[in-house]
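Here's the structure we're looking at; comments come further down.
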Amino acid sequence: MKIKFKQNNVLTSQEISKRFSILRTALALLLAMGIAILLIFLVSNNAGRDIRSLLLGPLTSTNRISQMINKWIPLLFTGTAVCLFFSVGQINLAAEGAFFAGAFTSTLVAIIGGIPPGLHFILCALAGGLAGAIVCGLPGIMYTKFNVLTVVSSLMINYVVLYLGLFIITNVVRDPAAGYEASYRFKNTARLAELIPGTNVHTGLIIGVLVVVFGYLLLYKSTFGLQIRTIGANAAFARYSGMPVAKVIVLSQLLGGFIAGLGGTTEVLGLYNRFGYTGLTNHGWDGIMLAVLARNNPKYIPLAALFLAYLRTSADVLNLTSNVPSEVINIIQAIIISFIAAERFLAGWEYRTIVKNTEKAMSLKEGVANE
Amino acid sequence: MKALNHDSDTVLEMRNITKIYSNGFVANNDITFSVRRGEIHGLMGENGAGKTTLMKVLFGLEKPEKGQIILNGQEVHIDNPLQALEYGIGMVHQHFMLVGSLTVAENMVLGLEPKNGLLFDYKRAVRETEEISRRFNLPIDANAIVNDISVGMKQRLEILKILYRGAKILLLDEPTAVLTPQETTELFKQLKHLRDQGYTIVFISHKLGEVKELCDRITVLRRGEVVGTADIDDVTELDISRMMVGKDVDLNIEKEEAKPGKTILRVRNLNYTNLFGKKALNNLSFDLRQGEILGVAGVEGNGQTELSEILSGLLVPDSGEVRIKGEPINNMSIRDIRLTNTSLIHEDRMIYGASADQTIVENIIADRYFQKGYNSKGFLNKKYNYDNTRELIKEYQIACDGPEARISTLSGGNIQKVVAAREFSSQPELLIVSQPTRGIDVGAAELIRQKMISLRDRHRTAILLFSADLTELLTMSDGIIVLYNGEIVAYFPDVKRINEEILGKYMLGLEKQSPEEIGGVVHEN
């Protein structure tokens, strides 16, 4: 009977749902692009050129491509981290703070001289990762021990981290010779090497890809991931089945925090020679958006992150080459993400298709039965 | 009743109703169903047969893909419950739709509050409640807080509520599921009284005995289609059950005499006070032995939930001792309790029993993924787990697309089969099980019951069975304890000597055994 259905091109309801989620994303992109082009027509003095920049700008030079890749790398870390948080059902917003903490904590190690290369970066990464783990782990611990809402505590902890970090940088390791508010120079032994000579794409790319792979295997192939996803889907069921719910929640927050912290480390040691941030970097917030787009599966983070990096690079190109204000780019981003995140978008059509398909399957079944 | 057997008496007709849910599940497939004025019409079928969906279509809660509704010879369109009420159709849901903190009168007028100027006229609400309760001869205390009244009273309030709103056709969705035998008898008296006054009642149920007693005609659904309609006098219970499941179902469970062995579960002087300061368990002591099924009877809310949750490690008692195979469980986590080779089935299937958004495999391995075979070095053994699950799907006859089907795509009976497959397949020495067959179809219930008997006989499993279904308790159990107000008020070592009536008296607190008789359930000192 199954084969008969396949021959007659009748799909299962699950297959239809899957197709619709692809269609939903594609249509959201198209619609958003349409609105974007309309906006550009309204504000631009050279619409043709600017639309080209929006669509193809990031691909027009190696410099821009490497710029896009460098925007992509940190998103791999924060996106994967937030997938871990959300999969276990914790709305932990501290990836932002963890990224920042990872950046300034590894700075403290990176300015120490006399450590051999390789080992030096590993020490920096450990310091940055642990700092991130603490930042994201605290809300998790507060939730499991005292039932503090994670969304509130994690949001607040970002600002604790920001001002603590700025305090340390400006009061402990500020380099008066830098000419602006920044730390002492990183030792060369700590910095990440260039991956592709002549561009500033750094080896953090490899670490980022490894982190995504690790996140995917952990969440979808390991017993720990099964625990995480079960707790996220139904914590009472997980507990009743004998899963150590509190332990898994805390561990997953620590682990996600470590990944976000490692992202911060990779970013500063790959791109800069001093710590120069004066505020939060938005990578953590982007991670939240990416996790939503990827439906909490790290497998889709690279694609979602590439899309975001592409869009951001387009924005930079437009900013440099046209009179289109960068606000317009922000509007376009917001529209695209809202469309994709809208689960009920096209729901009516999907429902009707499933109904029709089921009716078709039923009539076929009767036909088979009558034969 | 014969006088009513003319088609001109048809008050309501549903023609060719087809309803397909968004997951592709065909709940109703071309159903035609008619009800005569002034009859009690039993709508029967296994769970997932489409009874509730059909009534929801009629009450405007679900929109059908196809079909017509004809009321008093006129086609009507019912888009929401308010319209349904305007047409005189009212529904009492399986789960009560009452505000517990308000009084009976306030619930009665909710949405139609009598006003005194701009203010709510509570006195008039009470007066109207008393009036309608008198008119239908359904006495109720208008000033009582709903949380304080019994389940039977709540049901009465629900029925009064729709009568107050002018319903002439009453749709009752499994109204007896939560009632004691005495309350059920009372409800039937009331319903027959309403019928005699000209009201039409559609009674959804899958309890054969009740339908046989109460209804004038029945319509049986199976897998979303009508199997047939019949006058109740023309069919036997066996006929109905055959129509429902499509095959002969053995209504009697065959089981041998229990041969109890040594004590597995030992409970002494257990006390528990709930969040509201009510003493939910009062000095409970009992033993459960190998190869024995001990039933726990009681009206809902007399300590059964608390007892089962303490035994499974969800709640911590105030005082007292629980030992499994001699080990005290005070400091054990749920995992530790399960590792004593204990299996647990909670009464709340969709909260504790299964994870709706996950697959069957993930649900099956949720209690054993950490054990040898199910994983190697922390990574799940996909093939092993899928093969195991496939075998269980076959053994437990779970109707599904395969191991990767999501739980939310299954019917209630099949979900419970997944739960049972997980909990029974570990061949437990101790099984704490609550409401194993509540709200599921006859076929699934029979399979689960057979499996429990075979656990008892083949693996000498000690089973503590909590059930609101007295027939189930009486057929499955070897001995029964009755809980009333958190106390054991009776122990029957041999269920063959008792029946529903006797149990009912103890469950309602009308009678209580002597301490010596109750002490009989403590087998070792």
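Numbered from 1 within each chain, the chains take letters A, B, ... in sequence-line order. It should be emphasised that the depicted structure is a prediction, and the values quoted were computed from it without experimental measurement.
The CG atom of A:L226 sits 9.0 Å away from the CG atom of B:N385 when rounded to the nearest 0.5 Å. With values rounded to the nearest 0.5 angstrom, A:F237 atom CZ is found 7.0 Å from B:Q358 atom CD. Note that OG of A:S241 is 12.0 Å distant from NE2 of B:H346, once rounded to the nearest 0.5 Å.
Residue contact with chain A, scored on non-hydrogen atoms closer than 4.5 Å, involves the backbone and the side chain of B:N363 alike. In this structure, chain A has a heavy atom under 4.5 Å from the side chain of B:R422, while its backbone stays farther away. Heavy-atom distances place the backbone of B:I345, and not its side chain, under 4.5 Å from chain A. Residue contact with chain A, scored on non-hydrogen atoms closer than 4.5 Å, involves the backbone and the side chain of B:S355 alike.
Taking each heavy atom of B:E362 and A:R229 in turn, the nearest pair found is OE2-NH1, 2.7 Å. In this structure, B:A366 and A:M243 approach most closely via the heavy-atom pair O-CE, 3.5 Å. Residue B:Y369 comes nearest to A:P244 through the heavy atom pair OH-CD, 4.1 Å, listed as atom of the first residue, atom of the second, then distance. When all heavy atoms of B:I351 and A:N234 are compared, the pair lying nearest together is O-ND2, 2.8 Å.
Checking side-chain atoms of B:R335 against main-chain N and O of A:R239 turns up no donor-acceptor pair under 3.5 Å.
A cation-pi arrangement is present between B:R338 and A:Y240, with the terminal nitrogen or guanidinium carbon under 6.0 Å from the aromatic centre and inside a 45° cone about the axis.
Taking 4.5 Å as the limit, every side-chain heavy atom of A:K221 sits out of range of all side-chain heavy atoms of B:L380. Side-chain contact between B:F379 and A:L217 is present, with at least one heavy-atom pair separated by less than 4.5 Å.
Other residues, nucleotides and ligands contribute over 12 non-hydrogen atoms within 6.0 Å of the CZ atom of A:F86. Summarising the local packing, OH of A:Y300 is surrounded by 12 or fewer heavy atoms from other residues, nucleotides or ligands at distances under 6.0 Å.
Put simply, of B:L344, B:D348, B:D336, B:I337, the one with the most heavy-atom pairs under 4.5 Å next to chain A is B:L344. Ranked by heavy-atom pairs shorter than 4.5 Å toward chain A, the options B:S333, B:A356, B:G353 are led by B:G353.
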